[in-house]
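First comes the structure, then the notes that go with it.
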Amino acid sequence: MKVPLIAIPLCLLASSVFSQGTIQGKILDSQTKGISYASVLLRNEPDSSLIKGAISDDSGNYVFTDIPKGQYYVEVTILGYAKNYSPVFPFSGTEKNELAAILLKEEDQNLDEVTVTATRPLFELEQGKMVVNVANSVSAAGLSVIDVLDRSPGIMVNRQSNTLSVLGKNGVVILMNGQRFRMPLEAAYQMLAGLNSSDVEKIEIITVPPANYDADGDAGFINIVMKKDNDMIGTNGSLTFGQGYGSGYNGNMSFNLNHQGPKFSWFGLLSTTYVDQVQEWESFRGNNNGFEDIGIDTYSDRFSTRKSINYQAGFDYKLSTNTIFSGLVSGYTNQWNLSAPTITEANFSISLDTLTRMTTVENNTWNHIMGNINLQHTFQNGQVISTNVDYLTYKNSNPSGYTIMNYDESYDLIGSEEFRITKDTPINLWVTDFNHSMKIGESVAVESGLRATFSEFTNTVLFEEKLGSDWLIDSNFTNDGFLEEDILAAFSTAKIEFDEKTTLNAGLRYENTKTNLTTVSGEKLVDRHYGDFFPTAFLSRKINADNLVQLSYGRRITRPTFNEMAPFVFYSDPFTFFAGNENILPTYTNNIKTDYSYKRMIFSVQHSMDNDVIAQFQPTLNEETNTVFLKTENIDHRQTVSIIVAFPLQLTS
């Protein structure tokens with residue numbers, strides 16, 4: 001028999017169509033009648049990710065076509081019925097699979113009293129923290145994370161210095177998805193300024209952190225929780241530009257790309273910033289040296305530019321249903337350049353007045369790279385173990401040059417001098433930790449862990465003065481230092497649910513710190529070895545559906561930063577110097593906080609008591625040379641009382 005040629009491709013097409021994988025079934029009620037318009041979801045068994053969705057027809061039938069090979073189950077929901085699932089089943093990807101009917105049971109409810117559940121409030125209290133639900137905020141659309149923080153209770157954003165403070169304190173630690181950013185706050189600020197709020201689920205403001213967090217940072221933690229939509233399998237990204245003009249041009253760009261897969265997911269983020277600023281600096285100092293009154297007036301226009309690049313790349317890989325391996329690489333380059341012509345007038349009650357014109361040219365460049373690997377495993381009994389290893393390296397190069405012209409009170413040149421300062425500081429850190437969590441019965445959850453942080457840096461400062469055509473080293477301001485700081489920590493916390501309304505979370509952390517600062521020649525500048533306990537406690541009581549009361553206590557430590565301890569000297573003018581202080585001590589803080597929420601209104605009061613407070617730019621006068629050194633110093637104590645009232649105001653629907 002002859003077959004028309006046109007029939008051959010038609011037969012092939014039909015064969016192809018009928019060989020595609022098909023999954024179908026039926027949704028029935030308790031009377032075995034078909035349920036129409038039910039939401040039917042086909043999910044991947046290992047990670048519950050959504051493969052396809054369908055709506056049941058008038059007879060309750062549903063069908064999924066073109067389904068690849070895998071392990072699946074079906075989820076069914078519809079208003080008025082309890083959600084139900086099919087058993088997990090294997091699928092080859094080519095056959096037609098007819099599933100057993102899925103029965104739905106009616107929920108016991110009066111349809112005249114249907115309760116519509118609203119979205120989460122903008123602000124809400126959780127144990128020990130305030131949560132800003134960014135994903136539920138219409139007002140956050142199109143903003144950066146920095147913009148959202150600027151609108152969050154208790155947070156102050158300083159856009160001039162690119163820093164953050166919480167409840168009036170500057171010791172803020174930034175986290176993302178619970179992982180700490182071990183970078184200067186100015187660099188973390190730039191990364192958050194380039195991050196779009198549409199990628200953020202919520203922001204947690206933790207002013208009294210529990211014992212499983214590091215004990216340093218007296219202001220607490222800000223945790224940025226990114227969105228994780230496991231139903232969105234695929235690749236997406238965004239590109240954001242920002243342009244502006246203040247005292248100079250400001251521009252930024254942010255690009256992120258991420259891929260969510262059933263087993264392997266990855267993401268990348270790149271942001272750049274350029275800021276051109278003009279700052280006006282004025283200062284006056286008056287003193288008496290025992291012989292005459294002296295007045296020093298300084299005026300300066302500081303022309304500065306800052307260029308920064310921040311990047312991140314990471315991945316998650318599911319080795320099995322219960323084991324996840326992840327990695328992260330991040331870093332930044334931040335270059336700050338300054339040109340500052342300065343005029344200083346020295347007025348003496350007896351001696352002749354002088355005028356000095358100084359030009360400062362400074363470059364401050366920071367480079368940073370961080371690598372992280374993480375392994376987490378969940379056992380069948382619910383226990384979870386995880387381990388992290390981080391390596392971080394920084395390099396700071398900070399050369400500066402100064403040209404000084406001295407004039408008498410008749411504005412005649414009486415002399416000039418030129419000098420330069422070179423400062424190089426490489427920093428290296430290793431961080432490793434191990435954590436374990438488990439449940440004891442239905443009401444007690446216990447978490448314990450160990451952490452070790454090993455850091456070192458070398459700080460070399462070279463001061464040279466030009467005499468004729470030669471540059472000579474000035475030993476009074478030239479120095480070098482080598483710092484090693486090791487921190488070993490252990491913690492344990494227990495969360496106890498006494499009943500549905502009362503919860504206690506108590507923990508204890510121990511940190512042992514060893515700090516050694518020496519010169520390259522071997523001279524010891526700092527040799528400290530100390531250990532401290534840091535207890536925390538959180539009590540929460542839900543009085544009823546509208547009223548919640550919390551009480552929190554925590555002890556913290558703020559250790560001096562490398563820059564605050566590193567021996568260095570910078571000129572502001574011929575009579576004013578900025579310098580490091582190797583003798584600075586850590587600050588200890590005790591925090592007590594109470595929170596009360598009524599419906600969507602939150603009222604919080606926190607009292608902090610700091611001892612040996614680290615205070616920057618404290619002046620010390622040298623009467624012989626009539627110069628002032630601005631150093632970081634310890635002041636005896638400080639008390640801070642903070643009050644927050646937060647509530648959303650909805651004008652219309």
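Computed from heavy atoms alone, side chains included, the values below leave out hydrogens, waters and symmetry copies.
Taking 4.5 Å as the limit, every side-chain heavy atom of E447 sits out of range of all side-chain heavy atoms of H436. Residues N428 and L392 form no side-chain contact, since every pair of their non-hydrogen atoms from C-beta on lies 4.5 Å or further apart. Two residues are said to be in side-chain contact when any heavy atoms from C-beta on lie closer than 4.5 Å; K202 and E126 meet this criterion. Taking 4.5 Å as the limit, every side-chain heavy atom of I543 sits out of range of all side-chain heavy atoms of L548. Residues L167 and K169 fail the side-chain proximity criterion, which asks for heavy atoms closer than 4.5 Å. Inter-residue side-chain proximity for N581 and E633 is flagged as met; some heavy-atom pair is nearer than 4.5 Å. Here the side chains of V166 and I205 are in contact, with some heavy-atom distance below 4.5 Å. Side-chain atoms of V148 and I203, non-hydrogen and from C-beta on, do get closer than 4.5 Å to each other.
Ring pair H377/F379 is perpendicular by interplanar angle, where above 60° counts as perpendicular and below 30° as parallel. Aromatic ring orientation, F534 versus Y588: parallel (interplanar angle below 30°, classes split at 30° and 60°).
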Practice task
Assess whether ring-ring contact (aromatic ring centres under 6.0 Å, His included) is satisfied between F603 and Y598, documenting all intermediate values.
Solution key: CA-CA 8 Å; F603 182 80; Y598 173 70; over 10 Å; no

Exercise for the section: I would like to know whether D316 and S265 meet side-chain hydrogen bond (donor to acceptor under 3.5 Å, both in side chains); could you show each step before the answer? Expected result: CA-CA 5 Å; D316 291 326; S265 303; 5.9 Å; no

Exercise for the section: Using the side-chain hydrogen bond (donor to acceptor under 3.5 Å, both in side chains) rule, take T207 and Q606 through it: C-alpha gap first, then chi angles, then the decisive distance, then the call. Expected result: CA-CA 9 Å; T207 55; Q606 179 167 325; 2.9 Å; yes

Exercise for the section: Evaluate the criterion side-chain contact (heavy atoms from CB on, under 4.5 Å) for residue pair M370 and N372; output intermediate values, then yes/no. Expected result: CA-CA 7 Å; M370 186 274 282; N372 163 267; 3.9 Å; yes

Practice task
Check step by step if side-chain contact (heavy atoms from CB on, under 4.5 Å) holds for V172 and F221.
Solution key: CA-CA 6 Å; V172 182; F221 294 75; over 6 Å; no

Practice task
Step by step, work out the side-chain contact (heavy atoms from CB on, under 4.5 Å) result for I602 and M130.
Solution key: CA-CA 9 Å; I602 294 175; M130 179 184 290; 3.7 Å; yes

Problem - Chi angles and distances behind the side-chain contact (heavy atoms from CB on, under 4.5 Å) call for T273, R306 - result: CA-CA 8 Å; T273 302; R306 180 170 51 81; 4.2 Å; yes

Handout entry: D595 vs S604, side-chain hydrogen bond (donor to acceptor under 3.5 Å, both in side chains): CA-CA, chis, key distance, verdict
Key = CA-CA 4 Å; D595 303 294; S604 297; 2.5 Å; yes

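For the atom pair CD1 of I385 and OG of S448, the computed distance is 13.5 Å after rounding to the nearest 0.5 Å. In this structure, CD on E511 lies 6.0 Å from CG on D214, to the nearest 0.5 angstrom. Rounding to the nearest 0.5 Å places NZ of K501 at 12.5 Å from OG1 of T503. Here the straight-line distance linking atom OG1 of T323 with atom CG of L375 works out to 7.0 Å at 0.5 Å rounding.
A salt bridge does not link R180 with D390: every distance from a Lys NZ or Arg NE/NH1/NH2 to an Asp or Glu carboxylate oxygen is 4.0 Å or more.
In this structure, the side chain of T432 engages the main chain of N388 through a donor-acceptor pair within 3.5 Å. Of the possible polar contacts, one joining the N223 side chain to the G178 backbone as a donor-acceptor pair under 3.5 Å is found. At distances below 3.5 Å, at least one donor-acceptor pair connects side-chain atoms of R509 with backbone N or O atoms of Y213. Judged by distance alone, the side chain of H368 and the main-chain N or O of T393 form a donor-acceptor pair under 3.5 Å. With Q383 contributing its side chain and N381 its backbone, the two residues share no donor-acceptor pair below 3.5 Å. A distance-only check finds no donor-acceptor pair linking the side chain of N334 to the backbone of W366 [under 3.5 Å]. Between the T594 side chain and the Q550 main chain, a donor and an acceptor come within less than 3.5 Å of each other. Judged purely by atom type and a 3.5 angstrom limit, S552 has no side-chain atom pairing as donor or acceptor with the backbone of I592. A donor-acceptor pair is defined here as one N or O able to donate and one able to accept, closer than 3.5 Å; such a pair exists between the side chain of N544 and the backbone of D546.
Applying the side-chain hydrogen bond (donor to acceptor under 3.5 Å, both in side chains) rule to Y510 yields the partners N512; only residues at least two apart in sequence or on another chain are considered. For Y391, the ring pair (Phe, Tyr, Trp, His ring centres under 6.0 Å) criterion is met by W430, not counting sequence neighbours.
For the pairing with V145, the side chain to side chain contact (heavy atoms under 4.5 Å, CB included) check across D150, I222, V200 returns one residue only, V200. Under the side chain to side chain donor-acceptor pair (under 3.5 Å) rule, D610 has a single partner from R556, R638, Q639, which is R638. The only member of T515, T513, N516, T453 that meets side chain to side chain donor-acceptor pair (under 3.5 Å) when paired with E485 is T515. Of the options N435, V431, I487, a side chain to side chain contact (heavy atoms under 4.5 Å, CB included) to R451 is made by V431 and by none of the others. When each of N590, N591, T640 is checked for a side chain to side chain donor-acceptor pair (under 3.5 Å) with S608, only N591 meets the rule.
With 3.5 Å as the limit, one finds no donor-acceptor pair spanning the side chains of D636 and N611. Side-chain polar atoms of N133 and E124 form a donor-acceptor pair below 3.5 angstrom.
Taking the six-membered ring where the residue is Trp, the centroids of Y553 and F538 are separated by 6.0 Å or more.
Counting all heavy atoms, side chain and backbone alike, A211 lies closest to L508 at CB-N, 3.7 Å. Between T587 and D612 the shortest heavy-atom distance is OG1-O, 2.7 Å. Between T536 and P209, the shortest heavy-atom contact is CG2-O, 3.4 Å. Nearest heavy-atom pair across V157 and L164 is CG2-CD2, 3.5 Å. The shortest heavy-atom contact between L450 and A490 is CD2-CB, 3.6 Å. The nearest pair of heavy atoms linking L630 to F617 is CD2-O, 4.0 Å.
Atom CZ of F267 has more than 12 neighbouring heavy atoms from other residues, nucleotides or ligands inside a 6.0 Å radius. Residue I369 places its CD1 atom among 12 or fewer non-hydrogen atoms of other residues, nucleotides or ligands, all under 6.0 Å distant. Summarising the local packing, OH of Y530 is surrounded by more than 12 heavy atoms from other residues, nucleotides or ligands at distances under 6.0 Å. Shown here is K599, whose NZ atom has no more than 12 heavy atoms of other residues, nucleotides or ligands within 6.0 Å. Sparse packing is recorded around NZ of K495, with 12 or fewer heavy atoms of other residues, nucleotides or ligands lying under 6.0 Å away.
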